[in-house]
Amino acid sequence: MPSFKKHQRKIDEHALPQTVERHLQSELIAEALVDAGYVRIGFDHFALPRDNLAAAKREGRLRRNFQGYTDDTAETLIGLGASAIGRMPQGFAQNVVVTRDYLARIAEDRPATLKGYGFTGDDRFRADLIERLMCDMALDLSKIALSHGRDPKSAIVDRSRLDSLIADGAVTMDGDERLFVSKGAEFLVRTVASAFDAHLARSVATHSRTV
């Protein structure tokens, strides 16, 4: 991310693989790991069949947090260090970004938290949708909507994106209730998840109005 990390601007971007090449490299590595006996977890993790992570996948209890895929069911993740983000049942909290400011607050025995965001009911609904999609490569819209007292039809916020993925064969749907990421298209799961991300949809709409 050279736009964010200035030292990366010293890298000649023309010497780096582009999107298609990166995907091919990723899939070659994945195939080598699977051939060596590892189980593919989600789209970017691997574990041996006897590992707890592989068991969590088989049993449908895989989770995903800031650290990646996990079988940890804890609802609290505490972020330590400058810019670290923590998650509590009530919402997110982020520490101050500049290291010297973070150290100063700690030295003065002050909270390092800079800002927070409290979850709404819709946030919790969409978090469950996206987590199950990322973990299972499939989504039971009716089941999750029912658990939140919502209409399954309200889950999708970017229908055109989803229809495009269906047209490309990356996604299949059983009516409007169940969704499946096609085998070989797991690397697109983030794009699939974006169709359920209300915050992203609002951000795109706002940007479109201001450009």
Give a yes or no on whether a salt bridge exists between Lys143 and Asp140, defined as a side-chain N under 4.0 angstrom from a carboxylate O. no
Main chain of Pro17, side chain of Arg22: is a donor-acceptor contact present, judged purely on distance under 3.5 Å? yes
The criterion is salt bridge (charged side-chain N to carboxylate O under 4.0 Å, His left out); which residues satisfy it with Glu31, sequence neighbours excluded? none
Within the distance-only criterion (no hydrogens, no angle test), does the side chain of Gln18 pair as donor or acceptor with the backbone N or O of Leu16 below 3.5 angstrom? yes
Measure the acute angle between the ring planes of Phe119 and Phe92, then classify it against the limits of 30° and 60° as parallel, tilted or perpendicular. perpendicular
Approximate separation, where rounding is to 0.5 Å, of Arg64 CZ and Ile41 CD1: 12.0 Å
Restricting to side-chain hydrogen bond (donor to acceptor under 3.5 Å, both in side chains), what partner residues turn up for Asp163, sequence neighbours left out? Arg159
Hey, is CZ on Phe187 packed in by over 12 heavy atoms from elsewhere, all under 6.0 Å? yes
Any salt bridge linking Arg40 with Glu27? Criterion: basic side-chain nitrogen under 4.0 Å from a carboxylate oxygen. yes
Kindly compute the distance separating OG (Ser154) from CZ (Arg126), expressed to the nearest 0.5 Å. 6.0 Å
With the side chain counted from C-beta on, respond yes when Asn95 and Thr113 share a heavy-atom pair under 4.5 Å apart, and no when they do not. yes
Between Val189 and Leu200, is there a shared hydrophobic cluster once you connect ILVMFWY residues whose side-chain heavy atoms come closer than 4.5 Å? no
Might you confirm whether atom CD1 of Ile78 has over 12 heavy atoms from other residues, nucleotides or ligands at distances under 6.0 Å? no
Just by modelled atom types, is the Ser83 backbone N or O under 3.5 Å from a matching donor or acceptor in the Gln94 side chain? yes
Pairs in or reaching into residues 136-164: which pass ring pair (Phe, Tyr, Trp, His ring centres under 6.0 Å), with residues at least two apart or in two chains? Phe125-His148
Can you check whether Asp71's main-chain N or O pairs, donor with acceptor, with Arg61's side chain at less than 3.5 Å? no
To the nearest 0.5 Å, atom NZ of Lys10 lies from atom NZ of Lys5 at 14.5 Å
Would you indicate whether Arg63, at its atom CZ, is surrounded by more than 12 heavy atoms from other residues, nucleotides or ligands within a distance under 6.0 Å? yes
